[in-house]
Every structure is written in C-alpha cells, then in structure tokens.
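Here the structure is laid out as structure tokens; the discussion comes afterwards.
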Amino acid sequence: MTTHTLRTKRRSSALRTAAFMSPWLIGFSVFFAYPLISTVYFSFMKYDGFRPPVFNGLDNWTYVFTEYPMFWPALRNTLWLVLVMVTCRVVFGLGIGLLITRIKTGAGVFRTLFYLPYLAPPVAATLAFVFLLNPGTGPVNSILDAIGLPTPGWFTDASWSKPALTALALWGIGDLMVIFMAALLDVPKEQYEAAELDGASAWQRFRFVTLPNISPIVMFAVVTGVIQTMQYYTQPLVAGKVASGIIGGSGQQFEPGYPEKSTLTLPQLVYNVGFQRFDYGAAAVIALVLFVLSMVFTAFLMRRRGGLVQVGD
Amino acid sequence: MTQILDKPVSPASIVGEAERTARRRTLLHWIAVHSLGVAAALFFVLPFVFVVLTSLMSDQQALTRDLVPTTWEWDNYRRVLDTPGFATWWRNTLLYAGLGTVLTVVSSIPVAYALAKFRFRGQRLALMLVISMMMLPPQVVIIPMYLFWAKQLDMAGTLWPLIIPMAFGDAFSIFLLRQFLLTIPNEYLDAAKVDGCSELRTLLKVVLPMAKPGIAAVALFQFFYAWNDYFGPQIYASENPAAWTLSYGLESFKGAHHTDWNLTMAATVLVMAPVILVFFFAQKAFVEGVTLTGVKG
C-alpha cells in the first residue's frame, strides 16, 4: 500500500469516527464544557440575572465560605448523609442480596417485592414516606405507639429528619440488591466447598470467601453511593416542603432544609441561592464546590490501576 | 416399642441418623431464611399497602389514626383525575419521557458504538469525559444552562430545554450501551466488513439486532429518568403550570389539598402505577441494565 492511500484511509477513518461521535461532541461542548467554564466565570461576577454582570474578584468566594449561614450546614448534612446513609445502604443492600441468594421457595416473588420500591418515582415515594411517618396520624407511629415504643416527629424533628430520609433510601434498595446478587452468584462454589472442608464457620466463610470476592462491587456501591449523595436533591426538598406545609403558592418562599436546615444539601443550596435569591455569583461558587467534590470521587472510580470502571482496553 | 429399642444398631441406621440431622438442619435453615425473607418483604410492601388503603379512605377518616378504611371511597381516584391540570401533567410527562427517550437512544447508539468498537486517538479521554458527565450533579452547570435557554433562546416555561439536549447523546446511556456493545464479539463485525458492509450498515444490520436487550435497558432507564425528573421541570417549567409534569405537579397537588392525605395518596398511586406496570412487562431489561452498570463495569 502506498503512503498516499494509507493517509487517505487514515483520514477517512478519522472522519468516520468524528461522524459517529458527533452527537456527543456537540452535547459535550454545549451542555458540559461551555456551562462549566461559564460557571467559573460567574463565580467571579456579581450578577442577579437582570443588571449586567460586574467583576467582583473573590467576593463571592469569601461570602460563601465565611458569611453565608447556610453553606456549612449544607456541607455538614452532605457529609452526614455520605457517612450514615451510604453505609446503611451498602450494608442493608448486601444483607438483602445475601438473603435473596439463599431463598429457595418463591425466590422470584421475593425478588420482585424487594425490587419494586426502587421504581417508585422519588416525589411519590417521598410523599408516601412523609405520610407514613406523619407524627400524629401516620401508620408507623400508630404501630409504634400500639406496641409501646416512642413516637418521634420524623420529618418535623431536626434530629430525626435525616434518619427518616435514610429509611426512605433503604426502602429503594432494589438496584443495589440486584448488583450484589449478581456478584454473590459469581463467587466460585469450589471456594465455599474448600472452606467448609476446612471447618470454616458461616461467618468465616463470609469473611474469608464472600467478602474478598465481592469487594470490588462493595467499593463500586460505596463510590457510586457517594456520588449519588452529592446529587441528593428531590427527596430532601420535597420532604421538607411537604412536612413544613409550605408548597409553591404565591408569596410564600420555601427556605430549604426544614426542619432547622437539617435536610439542606448542596444541590438545594445552588437552587436556593441562584433561583430564589438571584445571586448567581454565589450560586456558581457553591456549584463549583459540588463539582470538585463529585470529581474527586469520580476520579476514584476511574483510577488507572484498581479503578472500578475500566476505561482503557 | 421395645422391639425397636432392642434392635442392634446397624451401620446403615447410623448413616440414617446423620442424614436425618442434616435434613433437620436444612429445614431449620429454610425456616430461618424464609422468615427473614417475609420480614424484609413486609418492610418493602407495607408502605405500598398503607398508601393504597389511605387512598381509599374518606376525607374525615384520613385525618385519623385508622389503618383500614371503614367505607371504601373508590371515588377518590375520579376526584384526583378530575383535578384541573392532572391531564396536562400526564400529557407533558409522556411528551418529555417519550420524545426524550427516542432522541436519547438514536443519538447515543453511534457514540457508544464508536467508543466500544473503533480505535482512535483520544478514545480513552472521550470515555473518561463521558463518565465525568454521567457523575456530574445537574446543579453544577444549571446557572449558565438556565440563562442560555431562558435569556438567549426564550424557552423558559416550556419542556424544550429538557428535551432538546437529549438529541445530543446522554452520558449514562452512552456508557451503558458501550458496556453492552463490548460483550458483542468482534468476529461478527469483521465478518460483516469482509462481506463489504460499511461501518454504518454493520451497525444497523448486524450490531443493532444483537444489542436489543441493551437498547431496551437504556430506553427504560431514560424513560423513567424523565418520568421521575423533578429538578429539570422545576427549573424550566415551574413558572408555567401548563408545562408541569407529573413529578412536579404531584407536589403542588399536596399543596392545593393541604390536609387531604387520602387524595394525595390516590394521586401518588396514580403516578407510581404506570412505572410498576411497565416493570412487569420489561423485568428482564431492567435487571439487565442495573447489572450492567455495576458488575461488568
């Protein structure tokens, strides 16, 4: 083959690649690169959406980090949710996964029942849980009361609102159950048989056979759980709105985080500062904090060695 | 009785004894596992049951601690469906989810194919960027995006700012499809090329028929993403009730019917029902999709 035809061939293959990739190339530029750069630009501007933007240096940054009263509670809540909610989800998801692999009779029915809540639309599921955990008339407190247990205020009590959100998250565990189930069924049977011959107890078999085999999936669940938590928006917002009784309506403005900022998350704060207070500059700063946190965890997912999502060949 | 006791113990009956103990242990194990299963099932099912029961209560009874309706008010569902706006929310949701899904699938397939089966410079970088986009909270870029659609294109108060971007490949769908296409052996593609198929023809005639389960999973996920989306409609459609979707409207429904938990729960059932119905028809695609995101990663 001559150099000339080789070059033409290479060029046509580059064109072909560009053609196939073009929807994403446009999407990436318009809906990712451009707005990301703009967000950085706005973070140094004083801008309310009406008057033209004015450069104000690091004012937005110092304002958010030192003066804005909702930033640190939002960050603290996010860390709480990352620690407690993600841990509970992974442990419970693994437990349900283990249980479902051991169920022999009616396994299909059980699997479907465990999976269904995952499909419930978040707004509907949140409404259902605010109702179920309604302190006065909700069924859960009725039952707790009947068997003589304390009846917390759940979504109206700042110390119970995050546990209530965790309960809601555990109800929708179906996706993790499926992922763990698939991983558990992939553990080589011979390893269990060998462990049993050596006289390993059930716990030892779990600890020394199951866990090492599924540890990549456990890590995957943790990291994706953390990333999901960085995006946690609909459930805490709807729960706060419905439990406080302030929904939409003219004149009434919902201050997110009800009760007492306990359900406030960073994504809610971006919306509140940008679209309710019309301080696009400060909102851009919070958005960038969210971006950096998310990308740190994403990088962890994609590390070249030991990364959880294979990117190379 | 004595006869049995006096009988000499044969080796065979010792084996029988051991077998019986083993069988008893298996039975106990079976009982333990299935009781745990029933307990877990209650945790997952009871919320649905209470929601449905409350949706059938009278207005007065919904304010009490009762768990079971005394009179079954099936009329509640008609009252919800008659609420002004409810039909519009359905139409908008179907438009957003339906059109959005078609656009996503059509635009994501070629990109996923190139990422899975081509070899080109920058491929690794492109895939990393796709994954980064997938992991990015939508709030990170919402300020410039909103200003772009609202101020430059004057599309605030419509669903178009949510639907149009779906024509340019969705990161999650691209990633999921790419994972699926990796499992299709290259020999099929090579054979098609030896037969003189162009790359596009190979994709359409050879790859797509084999990728049906993957495409079904992506379509379902995208459909439910749009069905469930709250943030997008809140940003772009909140100022215009004629553009609200079910997810956004449902919350305001609770606002308008402040104390009527029965009607709110009936509306909740009506929003959950289609999702669950679709699941029963497409169970396999769902489970396949969830597994693809996690295990074959």
Side-chain angles (χ1 to χ4, degrees), chain A residues 16-17 20-21 23-24 26-27 31-32 35-36 38-39 42 96 99 102-103 110 113-114 116-117 119-124 127-128 131-132 137 139 142 175 178-179 182-183 217 220 227 230-231 233-234 238 242 247-249 267 270 274 280 283-284 287 290-291 294 298 302 308-309 311-312, chain B residues 30 33-34 36-37 40-41 44-45 47 50-51 63-65 67 107 110-111 113-114 118 120 124 127-129 131-133 135-137 139-145 165 168-169 174 199 227-228 230-231 247 250-252 254-255 261 264-265 268 271-272 275-276 279 287 290-291 294-295 297:
Chain A
R16 186 195 66 187
T17 303
F20 276 71
M21 292 291 289
W24 176 76
I26 298 168
F31 306 119
F32 185 85
L36 202 55
S38 300
T39 303
F42 281 124
I96 293 291
L99 180 63
R102 277 160 180 69
I103 287 180
F110 279 105
L113 293 180
F114 295 176
L116 275 183
L119 298 172
V123 176
L127 271 172
F131 160 72
L132 291 166
T137 57
S142 302
D175 54 339
V178 170
I179 290 173
I217 297 301
F220 179 86
I227 293 168
M230 294 291 152
Q231 312 193 5
Y233 181 82
T234 308
V238 173
V242 177
I247 300 169
V270 175
Y280 289 124
L290 193 56
F291 172 71
S294 301
T298 305
M302 297 192 296
L308 302 162
V309 174
V311 172
Chain B
W30 187 96
V33 163
H34 288 78
L36 261 178
F44 290 114
V45 172
F50 287 134
V51 164
L63 293 171
T64 67
R65 287 192 144 196
L67 297 179
S107 62
V111 183
Y113 180 63
F118 291 5
F120 57 90
R124 198 186 134 83
L127 189 62
M128 279 171 60
L129 290 174
I131 295 171
S132 306
M133 276 175 89
M135 300 303 177
L136 191 80
Q139 289 81 11
V140 170
V141 292
I142 195 61
I143 291 155
M145 276 337 305
F168 299 98
I174 292 171
E199 203 68 68
W227 188 276
N228 293 337
Y230 174 88
F231 182 66
S247 275
L250 186 60
E251 180 211 75
S252 72
K254 173 67 187 125
W261 276 116
T264 308
M265 288 304 109
T268 303
V271 175
M272 284 184 180
V275 181
I276 286 163
F279 169 73
V287 173
V290 171
T291 322
V295 178

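Worth knowing before you read on, the calculation uses all heavy atoms, side chains too, and leaves out hydrogens, waters and symmetry mates. Convention: sequence-line order gives letters A, B, ...; per-chain numbering from 1.
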Point-to-point distance, once rounded to the nearest 0.5 Å, from CZ of A:F20 to CZ of B:F118
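Nearest 0.5 Å value for the CZ-CZ distance: 4.5 Å.
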Can you measure from OH (B:Y113) to CE (A:M21) and round to the nearest 0.5 angstrom?
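Here the interatomic distance stands at 14.0 Å.
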Parallel, tilted or perpendicular for A:F131 and B:W261, by the 30°/60° rule?
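Rings of A:F131 and B:W261: tilted, as their planes differ by 30° to 60°.
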If you count heavy-atom pairs within less than 4.5 Å of chain A, which of B:S132, B:G169, B:A114 leads?
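Most heavy-atom pairs within the cutoff with chain A belong to B:S132.
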Among B:V141, B:T268, B:V140, who wins on heavy-atom pairs under 4.5 Å with chain A?
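Of the candidates given, the most pairs with chain A belong to B:V140.
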Segment of A:V242 engaging chain B (4.5 angstrom heavy-atom cut-off):
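Side chain only.
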Where on A:L36 is there a heavy atom nearer than 4.5 Å to chain B: the side chain, the backbone, both, or neither?
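Interface part for A:L36: both.
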Tell me, out of [options], who's got the most heavy-atom pairs with chain B below 4.5 Å.
options	answer
A:F42, A:Y233, A:F110	A:Y233
A:S38, A:P139, A:G27	A:P139
A:L119, A:V270, A:L113	A:L119

For A:F291, ring pair (Phe, Tyr, Trp, His ring centres under 6.0 Å) partners two or more places apart:
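Not a single residue meets the ring pair (Phe, Tyr, Trp, His ring centres under 6.0 Å) criterion with A:F291.
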Which heavy-atom pair separates A:A128 from B:M272 by the least distance, and what is that distance?
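Closest approach of A:A128 to B:M272: CB-CE, 4.5 Å.
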